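Read the structure below first, then the notes.
If you're wondering where the values come from, they're calculated on a predicted model, not measured in any experiment.
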Amino acid sequence: MRLLFELSGEHETLPRSEVLASIEAEGHSYEVLEEEGMILVVETEASPERLGQRIALAHAISERISSGTISELEDGAGDLDIDGSIAIRMRDLRPKPERTTDSDVLERVGGILTKGRKVDLENPDFEIRLVQGESNYLGIQRASIDRPSFQQRKVDNRPFFSPISLHPKYARALVNLARASEGETFLDPFCGTGGILLEAGFIGARLVGSDIKEKMIEGCKENLSKFNVHSSFFRSDVGDIGKHVGEVSSIATDPPYGRSSSTMREDPGSLYERSFRAFQEVLKKDGCLGVVLPEEKYVEMGEGFLELKEVHKQRVHKSLDRFYCVFKNH
Ligand SMILES: C[S@@+](CC[C@H](N)C(=O)[O-])C[C@H]1O[C@@H](n2cnc3c(N)ncnc32)[C@H](O)[C@@H]1O
């Protein structure tokens with residue numbers, strides 16, 4: 001199937017990578033057919049419904065019918081073989097200065113789509129997406145991302161609160177980058193309040209959480225139980241995780257940076273080095289690690305232990321960058 005992803009504009013490169021990593025995590029290959037800005041078209045056998053349940057940094061997934069000029073969309077609309085009521089949703093994903101109120105696409109393509117079909121804006125059998133970028137795209141929506149659900153799991157909506165946790169949508173993206181998958185073992189060795197474990201739990205992974213502080217593990221259990229997510233736990237320094245777990249399929253984690261989240265007075269360089277060594281020991285061959293690091297030099301450090309697949313830099317504020325990294329064990 002040719003899938004059309006409407007990506008969120010929250011980051012330049014993370015949303016695209018999250019989609020592709022999620023397809024791999026679902027056990028499928030892909031070929032990128034078209035891409036521009038927040039639009040990505042991919043050929044894959046992965047289920048759009050399943051992808052829609054796991055991806056965070058996108059809005060909708062559609063089966064792509066046609067793309068190109070308005071005439072090409074008109075051809076696609078003419079050939080569309082669907083039986084039932086429709087609603088047409090228009091999305092303008094061109095850079096803001098280029099957006100206009102011109103509805104040429106909607107009038108011409110919409111005219112063909114609605115010919116002989118019932119329009120039901122409230123409860124249609126099919127939602128048709130008309131997406132405008134530099135090119136135009138026509139698709140039948142197969143999944144929409146439940147973005148408000150990420151908001152509902154934000155730190156301040158959890159019983160055990162700490163400001164150190166990533167926003168749930170970025171925690172989910174990290175879990176997807178780590179290729180966490182249903183029924184496979186997933187570890188967060190700096191689990192803290194459980195923001196990352198929660199997101200891996202919703203994907204159906206078999207969770208293992210650990211932290212050096214008992215208080216964190218207790219609070220994490222409380223947070224997970226509020227959302228009905230189950231995990232096993234052990235208390236351990238990151239360097240000793242190999243004594244507690246066997247091989248794990250994936251790891252996603254957000255280690256302390258030594259600012260608001262404490263490294264227990266350890267120099268961050270020493271902590272990260274011990275962490276990479278421990279991850280290399282427990283991660284299965286070809287298993288992925290998704291990790292957030294505060295400086296580029298720690299990304300280079302990781303390459304001494306694991307194979308670096310990708311890095312995404314995110315500016316948090318003037319003095320804090322985050323590097324979302326994906327490493328693979330060889
Ligand atoms: C940035 S927080 C993790 C945030 C977590 N993702 C969340 O959602 O709350 C880092 C965690 O690492 C733990 N930690 C610090 N040093 C550690 C070590 N040497 N081994 C294991 N855990 C450690 C801290 O107790 C803290 O809970």
Under a 3.5 Å distance rule, please check whether [X] uses its side chain to pair with a backbone N or O of [Y] as donor and acceptor.
X	Y	answer
Asp211	Ile217	no
Arg94	Gly133	no
Asn329	Leu283	yes
Lys226	Phe160	no
Arg147	Ala56	yes
Ser85	Asp125	yes
Thr44	Ser29	yes
Glu127	Gln141	no

Report yes if some heavy atom in the side chain of [X] is under 4.5 Å from a heavy atom in the side chain of [Y]; otherwise report no.
X	Y	result
Arg322	Tyr170	no
Leu271	Pro256	yes
Ser17	Tyr324	no
Phe5	Ile55	yes
Val248	Ile241	no
Pro159	Asn223	yes
Arg274	Asp237	yes
Glu296	Phe323	yes

How about [atom1] on [X], more than 12 heavy atoms from neighbouring residues, nucleotides or ligands closer than 6.0 Å, or not?
X	atom1	result
Asp83	CG	no
Asp156	CG	yes
Glu303	CD	yes
Glu307	CD	yes

Practice item. For salt bridge (charged side-chain N to carboxylate O under 4.0 Å, His left out), just list the numbers for Lys284 and Glu247, CA-CA rounded to whole Å, side-chain angles, deciding distance to a tenth of an Å, and then say yes or no. Key: CA-CA 6 Å; Lys284 74 170 187 191; Glu247 202 175 65; over 6 Å; no
Leu51 and Ala46 have their tightest heavy-atom pair at CD1-CB, 3.9 Å
Ser250 and Ala180 have their tightest heavy-atom pair at OG-CA, 3.5 Å
Inset, instruction - Given side-chain hydrogen bond (donor to acceptor under 3.5 Å, both in side chains), test Glu72 with Thr69 step by step and report yes or no. - result: CA-CA 5 Å; Glu72 283 169 300; Thr69 59; 3.2 Å; yes
Using 4.0 Å as the upper bound for N to carboxylate O, is an ion pair formed by [Y] and [X]?
X	Y	result
Arg108	Glu74	yes
Arg153	Glu199	yes
Lys215	Glu218	no

Partner of Glu182 under salt bridge (Lys or Arg N to Asp or Glu O under 4.0 Å), picked from Arg54, Arg206, Arg50, is Arg50
From the list Glu36, Glu35, Glu310, Glu6, salt bridge (Lys or Arg N to Asp or Glu O under 4.0 Å) partner of Arg16 resolves to Glu35
Please test Arg277 against Glu273 for salt bridge (charged side-chain N to carboxylate O under 4.0 Å, His left out), starting from the C-alpha separation and ending with a verdict. CA-CA 6 Å; Arg277 186 166 289 115; Glu273 188 169 359; 3.8 Å; yes
Open item on the list: Hydrogens and angles aside, do Ser67 and Glu34 bring a side-chain donor and acceptor to less than 3.5 Å of each other?
Closed with: yes
Exercise for review: Mind telling me whether Phe234 and His244 have parallel, tilted or perpendicular rings, with 30° and 60° as the class edges?
Suggested key: parallel
Q.
So that I know where these two stand, are Phe276 and Phe327 an aromatic pair - ring centroids less than 6.0 Å apart?
A. yes
Exercise for review: Report yes or no: is the cationic atom of Arg117 (NZ for Lys, CZ for Arg) under 6.0 Å from the centre of the six-membered ring of Phe126, at an angle within 45° of the ring normal?
Suggested key: no
Value for CG (Asn176) from CG (Leu57), rounded to nearest 0.5 Å, stands at 8.5 Å
